[in-house]
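Written below as structure tokens is the structure these notes are about.
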Amino acid sequence: MHCTEATLTLAADVDGLDKLFAFIGENLEKAGCPEDVKSRIELAAEEIFVNIANYSFKGSSGGSCEITMTTGSGEATIAFRDRGIPFNPLEHGEPDTGIALEEREEGGLGIFIAKRVMDVVEYSYEGMNHLLMKKRW
Amino acid sequence: MVKEKQKKQMTIRSKKQGRDAIVFFLFGRLDTIAAPRLELKIEPFLDGTFDITLDFKDLSYISSSGLHVLLHAYKIMNLNKRKLVIRNMGEPVREVFVMTGFISLVVEEKC
């Protein structure tokens, strides 16, 4: 099976989440991704996209996010690119999942989840924020 | 071109049990869009006069936004010495609770 690439551009706003789910779901179904893996990839994608919507364009509106998805045999790669404020979400503290929930700080949880469910989550900055994640099944 | 395949929006039903307990039934996906709706629904019952049960039987998905709503509710309920119980948690949702450690917060009721 050869690789298929698809691209979606969304306003960096959580309202675009349903479109993101539709895009990812459709491409994963075509690639024969099992339902449980699809659900985990959607979860990671939501966490990354919401993070971009909330932080990349803080204080300004009109930002957008380009999502490129490559699917091949038993594998999906999703890249998120935006021209917002340079920000590496992976550098920020992980929640301490060992301490009592009452004492936990809220935040950081979404990125933690994305890292847990995907095989690879990487960040780079090359004139824009570039978040790449991969999953095999 | 992406076909607009609309995911079903989460719906919430509730049922009072006596004067001081309420059950919320969640249907669908508790994502970032749905989380504020759950927050609005349970907020009036966080005043210390209710025990709350959340029935997850028909909940197929939860993200960190949903967990934050639950954590917020849990903190308030705990201060008020009230119970927040989750029941009928399905496997995909349980997986997220386990990986984040939220499972330790959950008082589970099997039924």
Side-chain angles (χ1 to χ4, degrees), chain A residues 6-10 13-30 35-54 67 69 94-118, chain B residues 1-10 28-37 39 46 56 59-84 86 89-108:
Chain A
T7 300
L8 173 73
T9 303
L10 289 175
D13 187 300
V14 291
D15 286 345
L17 199 55
D18 283 342
K19 283 183 182 153
L20 178 67
F21 285 143
F23 172 73
I24 288 175
E26 180 166 306
N27 284 292
L28 289 177
E29 274 163 33
K30 276 187 210 158
E35 200 59 34
D36 58 336
V37 178
K38 180 169 154 266
S39 181
R40 290 183 197 119
I41 295 174
E42 284 179 355
L43 177 58
E46 172 179 343
E47 301 297 358
I48 298 299
F49 180 69
V50 167
N51 202 70
I52 291 167
N54 288 340
I67 301 123
M69 197 168 164
E94 289 198 352
D96 185 347
T97 53
I99 63 170
L101 277 149
E102 306 90 298
E103 289 152 26
R104 275 211 212 156
E105 293 297 320
E106 296 183 15
L109 197 58
I111 299 299
F112 172 81
I113 290 173
K115 285 200 263 188
R116 276 300 184 87
V117 297
M118 300 302 284
Chain B
M1 203 48 203
V2 179
K3 240 189 307 158
E4 289 280 330
K5 211 195 298 168
Q6 201 63 36
K7 292 264 184 195
K8 218 176 112 207
Q9 294 267 332
M10 186 182 72
R29 296 161 61 90
L30 181 46
D31 60 18
T32 302
I33 304 291
R37 301 219 316 274
E39 191 164 29
L46 297 178
F56 279 8
L59 189 71
S60 58
Y61 176 99
I62 190 166
S63 68
S64 67
S65 301
L67 293 177
H68 281 139
V69 172
L70 299 179
L71 180 55
H72 172 72
Y74 174 80
K75 284 178 173 172
I76 294 172
M77 295 291 280
N78 218 27
L79 284 175
N80 290 334
K81 309 257 181 281
R82 280 289 180 174
K83 273 193 294 183
L84 178 64
I86 296 180
M89 202 189 292
E91 209 37 58
V93 172
R94 178 181 301 279
E95 187 179 302
V96 179
F97 272 79
V98 170
M99 81 174 75
T100 55
F102 270 65
I103 198 74
S104 66
L105 148 159
V106 174
V107 178
E108 268 190 278

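Each chain gets a letter, A, B and so on, in the order the sequences are listed, and its residues count up from 1. For clarity, every value in this text was computed on a predicted model and none was experimentally measured.
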Check each atom of B:Glu95 against the heavy atoms of chain A and say whether the ones under 4.5 Å are side chain, backbone, both or neither. side chain
Pick one of side chain, backbone, both or neither for B:Ile62, based on which atoms fall under 4.5 Å of a heavy atom in chain A.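 Only the backbone of B:Ile62 comes within 4.5 Å of chain A.
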Considering non-hydrogen atoms only, spot the tightest contact between A:Leu43 and B:Tyr61 and give its length.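 Taking A:Leu43 first and B:Tyr61 second, the nearest heavy atoms are CA-OH, 3.2 Å.
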Testing the basics here: between B:Ser64 and A:Gly110, what is the closest heavy-atom pair and its distance to 0.1 Å?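 In terms of heavy atoms, the two residues are closest at OG-CA, 3.6 Å.
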Rounded to the nearest 0.5 Å, what's the gap from [atom1] on [X] to [atom2] on [Y]? Could you check?
X	Y	atom1	atom2	result
A:Ile113	B:Leu67	CD1	CG	5.5 Å
B:Met99	A:Phe112	CE	CZ	8.0 Å
A:Ser39	B:Glu91	OG	CD	11.5 Å

Check side-chain contact (heavy atoms from CB on, under 4.5 Å) between B:Val98 and all other residues, then give those that pass, not counting sequence neighbours. B:Arg94, B:Ile103
Counterpart residues, side-chain contact (heavy atoms from CB on, under 4.5 Å), relative to B:Thr32 (two or more places apart): A:Val14, A:Leu17, A:Glu46, A:Val50, B:Ser63, B:Ser65
What do the steps show when you test A:Arg116 against B:Thr100 for side chain to side chain contact (heavy atoms under 4.5 Å, CB included), and what is the final call? CA-CA 9 Å; A:Arg116 276 300 184 87; B:Thr100 55; over 6 Å; no
Is the shortest heavy-atom distance from the side chain of A:Glu42 to the side chain of B:Asp31 under 4.5 Å?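 In short, these two side chains do not touch, never coming nearer than 4.5 Å.
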